[in-house]
Amino acid sequence: MIYQGKQKIWADYQKEIPDNHWFYVRSCIRQNFFPGAEKMFLEICREVLKKDFYETEYHTTCGGIAYHCDTIPQETVMTIVARQFSLMTEAGYENYVASCITSFGNYIEILETWREFPEVETRIREMLWKACRREFNKPKYVAHASDLIYKYRNEIASRAKFRLVNRFTGEPLRVVEHIGCHYSKMFPSKGVGGAEYPYVLCGMIESWGGNVIDYPERRHCCGYGFRQYHVKANRGYSVSNTYKKFESMAPYHPDFILTNCPGCPYFMDRWQYVIAETEGKTYGENGYGIPVLTYEELASLVLGYNPWDIGLQLHQVAVEPLLDKLGVEYDPSEKYKGLNEKELSRPELPGVLRCC
Amino acid sequence: MRERFLTGYNDFVLPFVVGMLFVLTYCLVGLIRIIAQLPASDRKRFFLSLVTPKTMVKNVKDIFLKCLIHVDLWKRNKLLGYMHSSIAFGWFMLIVVGHIEVFLYTSHLGAKALYYPIFFRYFVAETESTMKGALIFFLMDFFLLVVLSGIVLAIIKRVRSRFFGMRRTTNPSFLDLIGLYSLWSIFPLRLLAESFTADISGGSFLTKSLNYVFTEFLSNHANMLPAWWAYSCALGIFFCVLPFTRYMHIPAEILLIPLRNAGIRIVNARKGFARAQVYSCPSCGLCIDACPMGVMKGNIRDTTVYLNRQIRRKNEPRIEEISDKCLLCGKCTAVCPVGVEGDKLRIAQRSTRRYNFGPDYSNIDTKLQSERCNKFVKKINNNVSRTDNERVLYFAGCMTALTPVIRKTTESVLTKAGVDYEMMDRDGGICCGRPMFMAGRFAQADELVAKNTEIIMNSGADVLLLSCPICYKIFRERYTLPGIEIIHHTEYFERLISDGRLKMRKSSTKYVFHDPCELGRGCGVYEQPRNVIAAAGEVVEAARNRKESICCGGSLGSLTLGFDKRRAMTENALSNLVAASPDRIVTACPLCLDTFARYSDRPVEDIAQVVDRASGYGKIS
Amino acid sequence: MDFGFKISPSSAINLDNVDLTKFEELHRMEPDVYKCMACGSCSATCPASPFSGMSMRKVITALQRGKEKEAVAMLRNCMLCGKCSMVCPRGINTRHLILSIFRIYREDGK
Amino acid sequence: MKENIVIIGGGIAGLEVAVQLLDLGYKPIVIEKRDRLGGHVADWNLLFPDMIPARDVVGNLIARASEANIFLNTEISFVNKLKDSYNIMLSNGISINTRIIVMTTGFALFDAAKKEEYGYGVYDQVMTNKDLEHWFNTGDDKRVNDSAMNAVGFVHCVGSRDEKARNPQCSKVCCITAIKQAIELKQRFPEAMVYCFYMDLRMFGKKYEDFYINAQRDYGIRFIRGRVSEVSENIDGRVIVKAEDTLSGKPVKVTLDLLVLMAGIICNTDSTRLANMVSLPIDSDGFLKSRDNVAEIIESPRDGIFYAGACTGPKTVPETLAEARAAALKVHLFIKGLK
């Protein structure tokens, strides 16, 4: 691997990301998967970095999943998105940041469609008006939330309590980065670093002291693929994709996987349990799995937040070995305590995959 | 007459006796084995034929004409015929007359009967001054002279085969050479021995005269015994090597002829009838010149004579190579003087090949195929079928799909003649099975035969018309289609013309007809196509034609000959066809048409094209 | 544990793992097998293909990709009529090639 | 014979034009931006179909053109159109007045790094056709490891027939070049498995088909019809290539020790810049536009400006030389007409 070659490509794909004043929209599914992630994003941006991030409870789904599952036509999803934009316009923002990669791809795709076919935009404006008497301005900038953490990565690094270095060996941690497919595969110029060698997560890892692993199936989908997972008959296909990725990364012995998409961390996390049960295979050290983190979770860890406060107990794969390597202190007995300090019921431990 | 020795024995007879006993035992064992190897039904048929007067007469006649007189060779090449018959018949007569002599002049033979007829002159002195004696002496000398003349020719042939009109001759094996030289030396030695003895035992114009010559400078009778020894040794050696040389054909053919006359066919590739054929091969090499592959020197050792040799040697790789390469044109069979069936022998070898898996046609739905050609059935069901006209089912065949002009013109001719016909394979059909059969895979070929039979029997037709001789051959030989006449389009066109259903205009075009292997040698159709073409123009003949027609080189028979190896054969076949400068070459096989058209310098057509062009609409009133 | 679904084997051809021992044997017997340029003439003219999807072109490709089973299944429909040898623009003796495959490979494709 | 004839570009086209004009008694001026003559062909090792050394072809041309006025390391600063002539200002300060310009500006090789998914410049074991020729010439390239060449792949149409690479045109010579190079590699590494990933094989020229058959039959080079989708690097530094084997309708994957990208021929940006200076039209494929593409391919729409070689589109060496000869004749007739 020639690092300079990648740098040259990264230099070609840098997008403009305004520093402040963002209209933030959440993901439909992340709230359930890793609820700490979005909370921590706003926490870091607002409280740590003192940036202006606006959020409204009136925003809805972007319609992306339904669109990609072929259950609603494109006009519908465009109208939903138009409504989101009208909320942004109402709130007086021009910069639109999505927490979800599907949404991000969806917004970009729609804006590009409108640019190519202005008559479609006109029709959607009419439809939005007819539906709910709303009007909108198109956002000036559309970013994914990971773009912002990427932008703030050096600032975060300067406030970091921990670096991505193995406390026991002194070596940088080996990190697999996994980019959501819809981040830049559709519009390479809209993602930091392009489609082939996206830099958005690499930048964070490098800035925070880790080593990025490039493995053969790096580009491959995590296996979620809406139509694959949501139809039970296709679930084998979904897990097969994840299996393929893990088989490919296994020889590199990564310490953890960093992701920027709602589905990816969830499926790469949960399917490790399924793979362990069906194939008897685990990919981490000593029978553990490879922890899969979101970029918000990682940023929070680096900044020194309590792992249980940021929701790491919701991971199937135990994060404790990683916390040990990082030197993050944690109280195992606190892991399953609710906000009210009461013990929640502990999950049953799987048979093959080692968990804490 | 007087016996010269009381014992009637001398040691020199031993080599002969040993050889004779050996060869007789060998042949007897071989005979029993071959007959035992025949399938039971064939064996029964063979024994029955031996006692059936008709075949009995035929057997004797065939053995006499073929084995002794070599009539086939005479027809082909007088010199060669004379050479063979002089040796065979002359020798035979020497034996016969020799036995008569013994029978006439001696009594109480006992064990001496074995060698007395051969060495009679040594043991018995006889007077040539009586009429009877003089005649016998004369006959013996005469036939000896006949044989010697044959031997002289044989020696000349070996040195200069072109003298006999043969371009190439077989390369003899080592044992063949020993057999050959011992055979050559038998008769000169006999002449020598008898000449030395002629003043004692008598002789005639040859031996007596020589005796006088010898006594001029060799008065000593001491030369006598070595000469008799040498004669006996030559015989002994010849008989001892005979089973391992081409001379095995002499006894084998005597068995082959009655087997063939009994109607027996090759069943096992190596045993029974096939074995009789292999051993009957005289290695004469006629098949070498006949073989269309011979135009390329490298193929000469893949001709039938070498196949027979390799089968006798059990050289499996070579047997496979030779049998897979052959085009199966059947010309070697056609020219073989003893009737070795080179093509069938090869197919039999192919059938022994072991494959790990093979085709399976269970998924072919004949119902669908039947529905595509059910015109007649519908007509019959609806009672609209005219009873006066035959219902023709036309099966164009796979190869015709690559030469659609044949199908088109055949259909046009049928329409002109007002034939009520239906295409069996307009949208593609099932292979007739002949190519599969030629590859030696009989069971699979029969599966295809069964599929097609079903379609044909369901079609309601009463004539099956074929334009491909490859199909025609297997349809005639392996299909059972009761009530359905199987006919090739050459024959059918002839019938249409002679029945007056097709009106032909004759032009001045000179046509040469190429006899396709499968149509001519395969099915014996020679006259009909010529008659048809004669109605359209002038027919000229190729240098070699009919039974000796040269394969176009495109044959499916060969499994291993690559495309690039066939060109020389096609060009050779073409040069044979254009000997009489025809304007057009006509054939009656899609494969020949396709192959010739590739390299021909003048138009090549199927007979259907000729007929279509020359025929008009309307019947002759 | 039975989840009601399982990891499905990859349909991709991994050329690293294709065992070409048999194909090499075939190639020694039929050097021309390498000459195929996948024009499809053989398949187009094949009388067995309407019944079965038999395609000599696919057979040759499949054998090179380690899909012996597919190839063998297709080949079982061959009638050995020889049309494919007639039309092959590269002059491959497909008929003998087929017979050689019958000899070298087994019914289960191994 | 005072007439100034300016030949822009010292590749084989420019040299051949110069050679012919010298033979006709003119003294042409050849302007070459690089420090040596021979252009792209000089980078090549052996030329198909006869496998003659490119060195010989170029060397011969250079020797025969030595009488011409040759400016190396020289670019065209600007061109002024005068009434019926051009004033050409060179980067070395010399200015030339001429009525005749022969454009032999050639082509540029597509930058294979632009096909990011193939990883040229990112993965250790990926090279281009040009790099391979360089290795043939010098034996110097650490990507070719003599002891570990078990599998080699060639990717056809890299930057050709690819709208995403902004070059929908066929580069014409890469198919035969790939086959030539595949054979050459196979000759050096007989045990190596050599794959060619192609979309179409365009064997249009004399003896090209023979080359193809040789490659298949005699060298056992495996042709896989399918465009390579992506390349990734293995833990041991080898590359994994993914494509669809369109003939079996299945995805195909193979690990290779070396991957050679057949970078296509695209228009030279210097030609475009020059064309703008003298208001020459550019064709839809980005190459210089001829009067027509059938009978007057070597003539520009402007009097006195002629084309030869790959400045009007991808060409083989013999085609380029033929055009150069034709262009020299045109120049000669043009001068005679002026008199």
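Heavy-atom basis, side chains included; hydrogens, waters and symmetry copies ignored. Naming: A, B, ... by sequence-line order, numbering from 1 per chain.
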| Option in I101(C), L80(C), V87(C) with maximal non-hydrogen atom pairs under 4.5 Å from chain B | L80(C)
| Region of T45(C) that comes under 4.5 Å of a non-hydrogen atom in chain B | side chain
| task | Write down the atom of R95(C), the atom of A439(B), and the distance for their closest heavy-atom approach. | result | NH2-CB, 4.5 Å
| Region of P50(C) in contact with chain B, defined by heavy-atom distances below 4.5 Å | neither
| said: If we ignore hydrogens and angles and just use 3.5 Å, is the side chain of N93(C) paired with the main-chain N or O of L559(B) as donor and acceptor? | reply: yes
| query | Can you name the closest pair of heavy atoms from G82(C) and M399(B) and give their distance? | reply | C-CE, 3.8 Å
| query | With a 4.0 Å cut-off, would you call E447(B) and R76(C) a salt bridge? | reply | no
| Engaged part of L448(B) at the chain C interface, taking heavy atoms whose separation is under 4.5 Å | side chain
| query | Heavy-atom distance under 4.5 Å to chain B: side chain of C81(C), backbone, both or neither? | reply | both
| message | Which atoms of I430(B) are under 4.5 Å from chain C, going by heavy atoms: the side chain, the backbone, both sets, or neither? | response | both
| said: Does K6(C), at its NZ atom, have more than 12 non-hydrogen atoms belonging to other residues, nucleotides or ligands within less than 6.0 Å? | reply: no
| Is there a side-chain contact between R441(B) and L99(C), using heavy atoms and a 4.5 Å cut-off? | yes
| query | Which answer fits S558(B), side chain, backbone, both or neither, if we ask what part of it has an atom under 4.5 Å from a heavy atom of chain C? | reply | backbone
| said: Please classify the contact of D564(B) with chain C as side chain, backbone, both or neither, using a heavy-atom distance under 4.5 Å. | reply: neither
| request: Taking atom NZ of K331(B) as the centre, report whether more than 12 heavy atoms of other residues, nucleotides or ligands fall under 6.0 Å from it. | output: yes
| request: May I ask you to test the N356(B)-Y105(C) pair for a side-chain heavy-atom distance under 4.5 Å? | output: no
| said: What I'd like to find out is whether the side chain of R354(B) reaches to under 4.5 Å of the side chain of R103(C), using heavy atoms alone. | reply: no
| query | Should F563(B) and C88(C) count as side-chain neighbours, where that means a heavy-atom distance under 4.5 Å? | reply | no
| Can you check side chain to side chain contact (heavy atoms under 4.5 Å, CB included) on Y361(B) and M79(C), steps first, answer last? | CA-CA 9 Å; Y361(B) 305 116; M79(C) 309 190 202; 4.0 Å; yes
| Rounded distance (nearest 0.5 Å) linking atom OG1 of T595(B) with atom CE of M86(C) | 5.0 Å
| said: In the structure I gave you, are the side-chain heavy atoms of L368(B) and F51(C) within less than 4.5 Å of one another anywhere? | reply: no
| remark: Whatever's closer than 4.5 Å to a heavy atom in chain C on D594(B) counts as side chain
| Part of D324(B) within contact of chain C (heavy atom distance under 4.5 Å) | side chain
| Inter-residue atom distance T560(B).OG1 - M29(C).CE, 0.5 Å rounding | 11.5 Å
